[in-house]
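Each remark here refers to the structure printed beneath this line.
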Amino acid sequence: MAVKPVPRRFYRRDPRDVAPELLNKLLVRGHRVARIVEAEAYVGSIDPGSHAFKGMTNRNATMFGPAGHLYVYFTYGMHWCSNAVCGDEGVGLAVLLRAASPLSGQEEMRANRGPLAGRDRDLCSGPAKLCQAFGIDGAFDGADVVKGDRGVVIGDDGTPPPTSPGVSRRVGLSLGHGDEYEWRWFVAGDPNVSRVNPGKPVDRTKRTRPGRGQDGVSPG
DNA sequence: ACCGGGATGTTCT
DNA sequence: GAACATCCCGGTG
């Protein structure tokens, strides 16, 4: 079956309904095509884990825009991650695209990811890997994936979402910041899923970066 | 398998 | 100045 863009009405709903149905849809950019196998819902003002929890800022403004656009953000000083904006305008809802199964264009993905990404399952098995493989960065923030703005489309080839997707808590949130909600869905058994089990939420009370440049001591 | 830690810089308080 | 919707590597079982 031919690939058709997922219509905008699909996104104009609660992201907790959109995320599981986004499984088995296609992320398409030029020759690169991958089947989405993992997604998380971020639920705006009721969700401490969401960038939109505290309202609109310069960074998250796209989340408050119309559904069916990409919200692309930069994190940890080096990674881009992308979401599909959901719900009604002005609310701040989104689904994070966490992992996908490469179908074509793997060589281009591998060129973007670097020599360390040997196997196909290393190309898109995480939100930042997926963006790197597809070359999605800040320039794609706001791109309309229904119209195919900037060459990126989320498409449907007729494959239905799984009848019984895997469900779990979300990945990478800190304790007390919405980590308890089971708003992650994935294609059970797919090797491209980032983690079978997200494990414990991150305890950020432990120092992970011992003081750098303290007491005026400069390195080198 | 699990866990610890480093890379890196933008965003928000 | 702390936190951060991550990833990769190396150590230990």
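Order of the sequence lines sets the chain letters (A, B, ...), proteins ahead of strands, with each chain counted from 1.
Following rounding to the nearest Å, A:Asp203 (CG) and B:dC3 (P) show an atom-to-atom distance of 12 Å. Atoms CE (A:Met63) and P (C:dA5) sit 11 Å apart, rounded to a whole Å. As rounded to whole Å, 11 Å separates atom P of B:dC3 from atom CG of A:Asn197. The CG-P distance, from A:Asn60 to B:dC12, rounds to 7 Å in whole Å. Note: CZ (A:Arg59) to C1' (B:dG9) measures 11 Å, nearest angstrom. The interatomic distance linking A:Lys54 (NZ) with C:dA5 (C1') rounds to 14 Å, in whole Å.
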Secondary structure of DNA chain C per the Watson-Crick/G-U criterion (both distances under 3.5 Å; [ ] crossing, | other strand, . unpaired) is ||||.|||||||.
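In this model, the phosphate group of B:dC2 is not approached by any side-chain N or O of A:Arg195 to a distance below 4.0 Å at OP1 or OP2. Contact annotation: A:His79 does not reach the phosphate of C:dC7 (side-chain N/O to OP1 or OP2, under 4.0 Å). Proximity of A:Lys200 to the phosphate of B:dC2: no side-chain N or O atom is located under 4.0 Å from OP1 or OP2. Under 4.0 angstrom from either OP1 or OP2 of B:dG9 there lies no side-chain N or O belonging to A:Thr75. Look at A:Arg98 and you'll find a side-chain N or O under 4.0 angstrom from OP1 or OP2 of C:dT6. One finds a side-chain N or O of A:Thr57 lying less than 4.0 angstrom from the OP1 or OP2 phosphate oxygen of B:dC12.
A salt bridge between A:Arg170 and A:Asp47 is present, with a side-chain N of the basic residue lying under 4.0 Å from a carboxylate O of the acidic one.
Ranking B:dC12, C:dC8, C:dT6 by closeness to the A:Ala128 side chain, first place goes to C:dT6. Residue A:Met78 places its side chain closer to B:dT8 than to any other of B:dT13, B:dT8, C:dT6. Checking C:dC9, C:dC7, C:dA5 against the side-chain heavy atoms of A:Asn83 singles out C:dA5 as nearest.
At the heavy-atom level, A:Gly49 lies under 4.0 Å from base atoms of the strands shown. Here A:Leu96 lies in heavy-atom contact (under 4.0 Å) with a base. Within 4.0 Å of A:Arg113, counting heavy atoms only, lie sugar-phosphate atoms of the nucleic acid but no base atom. Across all strands shown, A:Arg170 has no heavy atoms under 4.0 Å from either base or sugar-phosphate atoms.
Taking the six-membered ring where tryptophan is involved, the planes of A:Phe74 and A:Trp80 are tilted, since the angle between them lies from 30° to 60°.
Here the options are A:Arg32, A:Glu108, A:Lys129, A:Arg113, the test is side-chain contact (heavy atoms from CB on, under 4.5 Å), and the partner is A:Leu123; only A:Arg113 passes. For the side-chain contact (heavy atoms from CB on, under 4.5 Å) criterion with A:Ser168, the lone passing option out of A:Glu38, A:Arg184, A:Arg195 is A:Arg184.
Both geometric conditions, a ring-centre gap below 5.5 Å and a plane tilt below 30°, are not fulfilled together for A:Tyr76 over the base of B:dG9.
Between A:Ser125 and A:Ser174, it is A:Ser174 whose nearest contact on DNA chain C lies nearer the 5' terminus. Of the two residues contacting DNA chain C, namely A:Pro127 and A:His177, the nearest-nucleotide position lying further toward the 5' end is that of A:His177.
The neighbour count for A:Asp17 CG, taken as heavy atoms of other residues, nucleotides or ligands under 6.0 Å away, is above 12.
Side-chain atoms of A:Tyr73 come within donor-acceptor range of the base of C:dA5, with a qualifying N/O pair under 3.5 Å.
Within the 4.5 Å cutoff, no side-chain heavy atoms of A:Asn192 are placed close to those of A:Val187. A:Arg98 places none of its side-chain heavy atoms less than 4.5 Å from the side chain of A:Ile36. A:His51 places none of its side-chain heavy atoms less than 4.5 Å from the side chain of A:Thr75.
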